[in-house]
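Notes follow once the structure below has been shown.
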Number of protein chains: 2
Amino acid sequence: MARPKEFDPEIAVDQAMEVFWRKGYAATTPQDLVDALGIGKGSLYNAFGSKQALFLRALRRYRDSQTEALIEVLEQPGPVKQRLRGALTALAEMDLADPDHRGCLAVNTTAERAGVDQEAAEVLRRMLDRTEEAFQALAAEGQRAGEIDPGRDPAALGSMLMNTVVGMRLVARIAQGPDRLTRVIDATVDSL
Amino acid sequence: MARPKEFDPEIAVDQAMEVFWRKGYAATTPQDLVDALGIGKGSLYNAFGSKQALFLRALRRYRDSQTEALIEVLEQPGPVKQRLRGALTALAEMDLADPDHRGCLAVNTTAERAGVDQEAAEVLRRMLDRTEEAFQALAAEGQRAGEIDPGRDPAALGSMLMNTVVGMRLVARIAQGPDRLTRVIDATVDSL
DNA sequence: CCAGTTCTTTAACTCAAGGTACAGAATTTC
DNA sequence: GAAATTCTGTACCTTGAGTTAAAGAACTGG
C-alpha cells in the first residue's frame, strides 16, 4: 500500500490520554502531545486530524477501560455491601494516592467540555448510563440476597450510587486526607 | 485624592463571574472580560491585576453567595426530609433550567483549576466544609426530631449529602432530562 | 488653579496555540 | 524498478492570549 506508520496509534492514544488527564483539554497544547508521544507534528495531525479528534479517541478509551474495571470489581464474590464498600474504597484510595490528583478524566471533561463538545457529552452520558446499570444490578442482587430492603427502587439506588462515585472523584481532587471520603463511604454503605 | 473609577468593581466582579461560569477559566479571554464588563483593558488590569486575581475574586463571591443561599433554604421550617428534598429539587431544577447548562462554578473550577491553582483549591475546600456543616446540622436536627435514625453519624451524613450535591451538579451538566437527578434525589431522601 | 494622584484609552509587544504546506523517505504493487 | 500511496520532519503562517507602556483626563486638597 504505502509507507507504514513508525508509531502505534493505539499506544499514542493512551499516551495522549495521560496528558489530557493531567492537564485538561484546553491546557494541553499540540506541543505537549508531540513531546509526550515522541512523534512529529506532521505525524500527529496526519494520524488524528485535530486535537479535538485525538481527545475524543482518548476519552472513549478511558471510558471503556474505566467502566470495565468498575464492573469487574463489582462482580467479585462476597456480600453486596462489602463489595460496594470495597469498590468505593478502592476508587478513593486510587484518587488520593495519585500524586497529581488528576481525579477522573470523565468527571473533569464533563466540567470542562460538556457544554461545548457535544460528541464528548455523548461519550460521557453513555458512561453514566453504564455505571448506573452496574450499580443497579448490584442493588438488585443485594435485594435478592436479602441484604437490601426489597421495597426500594433498584434503579434509583443505581443512580444514587453512580452519583456518589461522581461526587467522590471530584471531591478527591481537593481532599487533603481520606477523612472526608471515608465519611461519604460510611454513610453511603449504611444507607442501603 | 484622585480620579474616581468610572465603573463599580463589585459589579464588575459579578459580571466577570458570569463569564467565567459560562466559559470556564482557560476559555475566558481578557477580551471576553473587557466586552462583558464594558471597560477598557487598561482599566481591567489596573483594577484587578491579572486574569487569575479577578477569577479568584469572582470565585470567592460565588462561594459566599451560594453557601448562604443553600443554608437559607435548609433552614426553612418544616420536616427535615421535606426540606432536604426541597433543597435538592431546587438545585436540580435550577441547573436543568439554565439554558447554558453551566452547572456549578465551584464544581467546574474544582475540575479545571484545583490542580494548578492552590488559592482556588483553598476557596473550594472552605466551601465543601461549610456545605458539610450545613447538612450535618440538618441531619442532627432530623435526629432530634425523630425523623432520622439517631444511631447514624451526623458528620458522615453531612459529608454524604455534600457529596450528593457535588455529584448532582456535575451530572446536571450532561443530563438531558430530570429523570436521572430525580432518581438520585428519591434514593437519597429514602436513605435517611 | 496647581500638585499629586489615580483613572482611562490606545497602542504595542511577546509568545505560543493550532494547524498547514511541502519536500523527501519508506513501502507495496505491477 | 517505476508508480502510487502514505508517512515523517521542518518550516512556516495566522490569530489571538495576556499583559504592559505611555500619554492624557479627572478628581481632591491646599
Side-chain angles (χ1 to χ4, degrees), chain A residues 1-59 105 108-109 112-113 115-120, chain B residues 1-59 105 108-109 112-113 115-120:
Chain A
M1 296 283 191
R3 178 175 177 174
K5 279 193 174 59
E6 290 179 8
F7 65 97
D8 182 338
E10 298 307 311
I11 294 177
V13 170
D14 271 340
Q15 294 169 321
M17 186 183 85
E18 291 292 327
V19 181
F20 284 126
W21 196 354
R22 182 156 34 80
K23 309 195 64 167
Y25 179 82
T28 296
T29 72
Q31 191 56 48
D32 291 331
L33 293 168
V34 160
D35 291 346
L37 308 207
I39 63 178
K41 245 189 222 180
S43 305
L44 207 241
Y45 277 86
N46 172 60
F48 301 109
S50 71
K51 178 180 157 182
Q52 199 233 21
L54 174 55
F55 178 74
L56 269 175
R57 285 189 60 166
L59 183 63
L105 212 215
N108 300 347
T109 301
E112 190 188 351
R113 301 285 303 166
V116 292
D117 186 338
Q118 285 312 305
E119 289 185 275
Chain B
M1 285 289 199
R3 176 173 179 174
K5 280 194 172 59
E6 291 179 6
F7 65 97
D8 182 337
E10 299 306 313
I11 294 177
V13 170
D14 272 339
Q15 294 168 319
M17 187 183 86
E18 291 291 327
V19 181
F20 284 126
W21 196 353
R22 182 155 35 79
K23 310 195 64 169
Y25 179 82
T28 296
T29 71
Q31 192 57 47
D32 291 331
L33 293 167
V34 159
D35 292 346
L37 309 205
I39 64 179
K41 253 188 214 177
S43 305
L44 204 242
Y45 276 86
N46 172 60
F48 301 108
S50 71
K51 177 182 158 183
Q52 199 234 17
L54 175 55
F55 178 73
L56 269 175
R57 286 189 61 166
L59 183 63
L105 212 213
N108 300 345
T109 302
E112 189 187 353
R113 299 286 301 166
V116 292
D117 186 336
Q118 284 312 304
E119 288 186 275

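The structure displayed is predicted, hence computed values, not measured ones. In what follows, chains are A, B, ... by sequence order, proteins preceding strands, each numbered from 1.
Here the closest heavy-atom approach between residue B:Thr109 and residue B:Ala120 is recorded as CG2-CB, 4.4 Å.
When side chains are defined from C-beta on, B:Val19 does not count as touching B:Asp35, because their heavy atoms never get closer than 4.5 Å. Looking at heavy atoms from C-beta onward, A:Leu33 lies out of side-chain contact with A:Phe48 at the 4.5 angstrom threshold.
Geometric assessment of B:Lys51 against the ring of B:Tyr25 yields a positive cation-pi assignment under the 6.0 Å and 45° thresholds.
For the pair A:Asn46 CG and C:dA23 C1', the computed distance is 15 Å after rounding to whole Å. Atom-to-atom, CD1 of A:Ile39 to C1' of C:dA26 comes out at 17 Å; the value is rounded to the nearest Å. Between the CG atom of B:Leu44 and the P atom of D:dT20 there is a distance of 12 Å, given to the nearest Å. The interatomic distance linking B:Tyr45 (OH) with D:dT19 (C1') rounds to 6 Å, in whole Å. Spacing between atom CZ of A:Phe7 and atom C1' of D:dG9 amounts to 13 Å, rounded to whole angstrom units. What separates CG of B:Leu37 from P of D:dG18 is a distance of 15 Å, to the nearest Å.
Screening B:Thr29, B:Thr28, B:Asp32 for a side chain to side chain donor-acceptor pair (under 3.5 Å) involving B:Lys23 leaves a single residue, B:Asp32.
Among the heavy atoms of the strands, none lies under 4.0 Å from B:Phe48.
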Sub-3.5 Å pairs of nitrogen or oxygen atoms, protein against nucleotides 11-17 of chain C:
none

Side chain to side chain contact (heavy atoms under 4.5 Å, CB included) evaluation trace for A:Arg57 with A:Met17: CA-CA 9 Å; A:Arg57 285 189 60 166; A:Met17 186 183 85; over 6 Å; no

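Taking side-chain N and O atoms only, B:Ser43 has a distance below 4.0 Å to OP1 or OP2 of C:dT8.
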